[in-house]
S.K.: 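Below is one structure. I have some questions about it.
Quick caveat: nothing in here was measured; it's all calculated off a predicted structure. When a residue number appears, it is its place in the shown sequence, counting from 1.
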Amino acid sequence: MYKLESNEVVAIIIGNNVRSVRELTCYTQNQVAKNAGLSRSVYVDLERGVGVPKITTLLKVANFFNVEIERFLRGIKV
């Protein structure tokens with residue numbers, strides 16, 4: 001039987017993955033938030049791993065970066 005990662009661990013992994021993509025593309029947090037249609041606080045909390053993000057939030061960010069949503073889920077063990 002597999003052990004599902006805790007919500008806290010999942011949120012941190014997603015946040016780190018999103019930050020990694022942002023840094024690789026040389027955008028600021030403000031640029032991503034604005035162009036993805038998110039408030040700055042929602043985006044900053046996403047990168048900080050504050051709570052598991054809504055799927056719609058991840059879709060907006062993935063669309064902005066033109067990546068598959070799976071890119072943000074890498075490293076999560078189920």
Side-chain angles (χ1 to χ4, degrees):
M1 180 176 231
Y2 295 100
K3 180 183 176 206
L4 181 64
E5 301 269 15
S6 71
N7 284 349
E8 293 83 12
V9 172
V10 168
I12 290 168
I13 291 171
I14 291 171
N16 288 338
N17 288 338
V18 170
R19 181 182 304 110
S20 174
V21 171
R22 179 181 60 80
E23 290 174 347
L24 285 171
T25 56
C26 299
Y27 284 102
T28 66
Q29 290 177 329
N30 287 335
Q31 289 171 317
V32 177
K34 180 180 178 182
N35 291 300
L38 302 170
S39 72
R40 183 179 188 288
S41 63
V42 167
Y43 184 78
V44 170
D45 283 351
L46 169 63
E47 278 198 14
R48 289 179 54 222
V50 178
V52 177
K54 293 180 180 180
I55 191 74
T56 53
T57 300
L58 288 179
L59 287 170
K60 288 177 182 180
V61 176
N63 185 52
F64 171 76
F65 287 122
N66 196 30
V67 298
E68 297 292 327
I69 197 169
E70 290 85 1
R71 173 65 184 85
F72 303 141
L73 305 177
R74 288 182 187 166
I76 297 173
K77 294 181 176 72
V78 292

S.K.: Residues two or more places apart in sequence or in another chain: which of them pass ring pair (Phe, Tyr, Trp, His ring centres under 6.0 Å) with F64?
M.R.: Y27
S.K.: Please tabulate, for the side chains in residues 40-61, all donor-acceptor contacts under 3.5 angstrom to protein atoms that are two or more places apart in sequence or on a different chain.
M.R.:
unit_1 : atom_1 : unit_2 : atom_2 : d
R40    : NE     : N30    : OD1    : 2.5
S41    : OG     : S39    : OG     : 3.3
Y43    : OH     : E47    : OE2    : 2.6
D45    : OD1    : R48    : NH1    : 3.4
E47    : OE1    : R22    : NH2    : 3.1
E47    : OE1    : Q29    : NE2    : 2.8
E47    : OE2    : R22    : NE     : 2.5

S.K.: Out of curiosity, I69 CD1 to I14 CD1, how far, rounded to the nearest 0.5 Å?
M.R.: 8.5 Å
S.K.: From I12 CD1 over to I76 CD1, what is the distance, rounded to the nearest 0.5 angstrom?
M.R.: 11.5 Å
S.K.: Can you name the residues that form a side chain to side chain donor-acceptor pair (under 3.5 Å) with N16, not counting sequence neighbours?
M.R.: R19
S.K.: Please give me the minimum heavy-atom distance between S20 and R71, naming the atom from each residue.
M.R.: OG-NH2, 3.6 Å
S.K.: Heavy-atom count around E23 CD within 6.0 Å, excluding the residue itself: above 12?
M.R.: yes
